[in-house]
Amino acid sequence: MLQISYIRENQEHVITALAKKHMDAKTIVEAVIQLDENRRSTQVALDTILTEANKLSSAIGEMMKKGEKSKAEILKLKTSQLKESSKELSEKLDILTNELQQKMYLLPNIPSDIVPVGKTPEENLNVFEEGAIPVLHDGAMPHWDLVKKYDIIDFELGVKITGAGFPVYKGKGAKLQRALISYFLDKNTEAGYQEVQVPLLVNEASGYGTGQLPDKEGQMYYVGEDDLYLIPTAEVPVTNIFRDVILQENELPVLYTGYTPCFRREAGSYGAHVRGLNRLHQFDKVEIVRVEHPDNSYQALDGMVEHVKNIMRELKLPFRILRLCGGDMSFASALTYDFEVYSTAQERWLEISSVSNFETFQANRLKLRFKGKDGKMQLAHTLNGSSLALPRVLAGILENYQTPEGIIIPEVLRPYTGFDIIN
């Protein structure tokens, strides 16, 4: 979340900046500042009483040593009154602190200055495009027909077992899926990311730590009996490795990568654009996460974008990069670049990766700090990116690599699949 000191010192800027995310933050910001003033004045009053109580305790001790018992009893009575007042103030302080935190949870991150103004995906800024769009043969199919023709993904079987949005991968389809996961992890570890395997269920604190809660509560699967959430992305458990952690400056940057299945309710998603692999409730994704010094985080973001670019180049898929406008950004992000692959059979772009810098927003929630060379504590910057989300990458491969003889496997994946065509 935003730092209270920053909100206090930059009230108008926060309101103006969040308008870029199409949020009228004036009422919440004013409430936050008022609660903070009340909290601080209550803290001062409590500290004053506790200081006075400590002085009286010392004075009582001295009087008892001198045998001035009657005077000591008078001070004891006053101490008792101070304790009662401090208890009331302490309870009030807890209430105000909790109310302040709950209000601050409602404020999204401030977008970077270079975030375009806009409300819809159509207003995102196309900053890069590469790769020739293949010309397909007559009779070319969208991926949902291809997978049925070659019997490599069964959507109906998934409906039988669980419900819509939970496909079953079969034969060469399962092997291609596994090949992509291994390839992505290998590329990431070669680039210096340490591989981790993390839990697929997280507690509420982890959800709040990365900003999924309370913003995306309705999109997450919740296990009520155990008060746990199925992860919507590996970003949540991987970043929470650093919750309540103090790093040394020379330990930065920290680079992690992890593969996980991801679970999203996708409530309200309907229509032809969600057909097949375009939008699922369970899907596989390989994630990269970085913890950076604030001075280096935007250089690191550029490096992450280049890293994903190189993967797309090796897969030889046509892709473009969008800088998201304020209205299309996530709650926690300060700057996001989306990668999209062109689906030739569907004649549309499909999002396959988001690469984001959260600056101190997540770190403040996580209490993720580092000790500088001068000994002072600072909040770190956190970044993450999909590297990559599999369903739409798979859809792009199936559609763009289809031929009358079958689906050609991208050359870079053949050592992983053990075959070069699906036919």
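Positions are given from 1 along the sequence.
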Asks: Any Lys/Arg nitrogen of Glu99 or Lys103 sitting under 4.0 Å from an Asp/Glu carboxylate oxygen of the other?
Replies: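 No, Glu99 and Lys103 are not salt-bridged.
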Asks: Please lay out, stage by stage, how Lys285 and Glu287 fare under the test salt bridge (charged side-chain N to carboxylate O under 4.0 Å, His left out).
Replies: CA-CA 6 Å; Lys285 185 152 70 85; Glu287 197 81 359; 2.5 Å; yes
Asks: Return yes when atom CD of Glu411 has more than 12 non-hydrogen atoms of other residues, nucleotides or ligands closer than 6.0 Å, and no otherwise.
Replies: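 For Glu411, atom CD is not crowded (no more than 12 foreign heavy atoms under 6.0 Å).
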Asks: Taking 4.0 angstrom as the limit, do Glu37 and Arg40 come out as a salt bridge?
Replies: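 Not counted as a salt bridge, because no side-chain N and carboxylate O are separated by less than 4.0 Å.
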Asks: Cation-pi check, Lys172 to Phe419: give yes when NZ or CZ is under 6.0 Å from the six-membered ring centre and within 45° of the ring axis, no otherwise.
Replies: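 Cation-pi check for Lys172 and Phe419: passes.
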Asks: Would the number of heavy atoms belonging to other residues, nucleotides or ligands and lying under 6.0 Å from CD of Glu251 be above 12?
Replies: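 For Glu251, atom CD is crowded (more than 12 foreign heavy atoms under 6.0 Å).
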Asks: Tell me if the centroids of the rings in Tyr229 and Tyr221 come within less than 6.0 Å of each other.
Replies: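 Here the rings of Tyr221 and Tyr229 have centres that are no less than 6.0 Å from each other.
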Asks: Going through the checks in order, is the side-chain contact (heavy atoms from CB on, under 4.5 Å) test met by Glu266 and His281?
Replies: CA-CA 7 Å; Glu266 297 290 2; His281 294 302; 4.0 Å; yes
Asks: Can you classify the ring geometry of His293 versus Phe370 as parallel (below 30°), tilted (30 to 60°) or perpendicular (above 60°)?
Replies: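 Judged by the thresholds at 30° and 60°, the geometry between His293 and Phe370 is tilted.
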Asks: Which heavy atom of Ala179 sits nearest a heavy atom of Thr417, and at what distance?
Replies: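 Result for this residue pair: CB-CG2, 3.5 Å.
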Asks: Would you sort out whether Tyr208 and Tyr105 count as a ring pair (Phe, Tyr, Trp, His ring centres under 6.0 Å), showing the intermediate values?
Replies: CA-CA 8 Å; Tyr208 274 95; Tyr105 278 144; 4.6 Å; yes
Asks: Has the side chain of Gln402 got a donor or acceptor atom that lies under 3.5 Å from a matching backbone atom of Glu399?
Replies: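 Indeed, once roles are kept as given, a pair shorter than 3.5 Å links the two residues.
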Asks: With distance as the sole test, does Asn124 use its side chain to make a donor-acceptor pair with the main-chain N or O of Leu322 at under 3.5 Å?
Replies: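 Checked: no pair found.
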Asks: Heavy atoms only: give me the nearest Arg365-Gly211 pair and the separation to one decimal.
Replies: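 Distance-wise, the nearest heavy atoms are NH1-CA, 3.5 Å.
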Asks: Test Glu30 against Lys26 for salt bridge (charged side-chain N to carboxylate O under 4.0 Å, His left out), laying out the working first.
Replies: CA-CA 6 Å; Glu30 289 175 349; Lys26 188 173 188 293; 2.6 Å; yes
Asks: If the plane angle is over 60° it's perpendicular, under 30° parallel, otherwise tilted; pick one for Phe319 and Phe339.
Replies: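 It falls in the parallel class, under 30°.
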Asks: Within this structure, what is the CG-OG distance for the pair Asp94 and Ser90, rounded to the nearest 0.5 Å?
Replies: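 Atom-to-atom, Asp94:CG and Ser90:OG are 5.0 Å apart.
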Asks: For Glu347, I'd like to know if atom CD has over 12 heavy atoms of other residues, nucleotides or ligands within 6.0 Å.
Replies: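 Incorrect, the count does not exceed 12.
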Asks: Rounded to the nearest 0.5 Å, what separation is found between the CZ atom of Arg279 and the CD atom of Glu351?
Replies: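 Arg279 atom CZ to Glu351 atom CD measures 8.5 Å (nearest 0.5 Å).
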Asks: Quick check: closest heavy atoms across Phe184 and Ser387, and the distance to 0.1 Å?
Replies: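 Heavy atoms only, the tightest pair is CB-O, 3.2 Å.
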Asks: Less than 6.0 Å separating the ring centroids of Phe283 and Phe166?
Replies: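 Judged by ring-centre distance (under 6.0 Å), Phe283 and Phe166 do not meet the cut-off.
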Asks: Enumerate donor-acceptor pairs with a distance under 3.5 Å from any side-chain N or O in residues 14-23 to protein atoms, sequence neighbours excluded.
Replies:
| from | atom 1 | to | atom 2 | distance (Å) |
| --- | --- | --- | --- | --- |
| Thr16 | OG1 | Glu12 | O | 2.9 |
| Lys20 | NZ | Asp113 | O | 3.4 |
| Lys20 | NZ | Val115 | O | 2.8 |
| Lys21 | NZ | Asn109 | O | 3.0 |
| Lys21 | NZ | Ser330 | O | 2.9 |
| Lys21 | NZ | Phe331 | O | 3.2 |
| Lys21 | NZ | Ser333 | O | 2.8 |
| His22 | NE2 | Gly118 | O | 2.9 |

Asks: Might you point out which heavy atoms bring Val341 and Arg392 nearest each other, and give the distance in Å?
Replies: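 Smallest heavy-atom distance, with atoms named: CG1-O, 3.8 Å.
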Asks: Any side-chain to backbone donor/acceptor pair from Arg265 onto Gly218? Under 3.5 Å, distance only.
Replies: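 Here the side-chain-to-backbone pair exists.
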Asks: Apply salt bridge (charged side-chain N to carboxylate O under 4.0 Å, His left out) to residues Lys371 and Glu249 and explain how you reach the verdict.
Replies: CA-CA 6 Å; Lys371 185 180 287 188; Glu249 186 172 349; over 6 Å; no
Asks: Given side chains that start at C-beta, do those of Ile409 and Ile422 come closer than 4.5 Å, heavy atoms only?
Replies: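 SC-SC contact between Ile409 and Ile422 confirmed.
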Asks: Counting only heavy atoms not in Lys309, do more than 12 fall under 6.0 Å of its NZ?
Replies: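 It does: Lys309 NZ has more than 12 such atoms within range.
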Asks: Any donor-acceptor pair under 3.5 Å linking the side chain of Asp154 with the backbone of Leu157?
Replies: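 Yes; judged by distance alone, with no hydrogens or angles, the pair exists.
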Asks: Do any N or O atoms from the side chain of Thr210 and from the backbone of Val236 form a donor-acceptor pair under 3.5 angstrom?
Replies: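 No, because the side chain of Thr210 does not come within donor-acceptor range (under 3.5 Å) of the backbone of Val236.
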Asks: Looking at Ser386 and Ser353, what are the two nearest heavy atoms and their distance?
Replies: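 Taking every non-hydrogen atom into account, O-OG, 2.7 Å.
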Asks: Between Glu130 and Arg320, is the closest basic N to carboxylate O distance under 4.0 Å?
Replies: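 Glu130 and Arg320: not salt-bridged.
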Asks: Check this for me, if you would: do Asp36 and Arg39 make a salt bridge, where the nitrogen-to-carboxylate-oxygen distance has to be below 4.0 angstrom?
Replies: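 Looking at Arg39 together with Asp36, the answer is yes, because their closest N to O distance falls below 4.0 Å.
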Asks: Locate the shortest heavy-atom distance separating Ile114 from Leu335; write the atom from each residue and the value.
Replies: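 Minimum heavy-atom contact is CD1-CD2, 3.7 Å.
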Asks: Hey, is NZ on Lys216 packed in by over 12 heavy atoms from elsewhere, all under 6.0 Å?
Replies: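 Count over threshold, so yes.
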Asks: Can you confirm if the aromatic rings of Phe358 and His381 lie within a centre distance of less than 6.0 Å?
Replies: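 When the ring centroids of His381 and Phe358 are compared, they turn out to be at least 6.0 Å apart.
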Asks: Check whether Asn203 reaches the backbone of Ser206 with its side chain - one donor and one acceptor, N or O, closer than 3.5 Å.
Replies: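 Yes, the answer is positive, given that a donor and an acceptor are paired below the 3.5 Å cut-off.
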Asks: When you look at CD of Glu190, are more than 12 heavy atoms from neighbouring residues, nucleotides or ligands closer to it than 6.0 Å?
Replies: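 Counting other residues, nucleotides and ligands, CD of Glu190 exceeds 12 neighbours.
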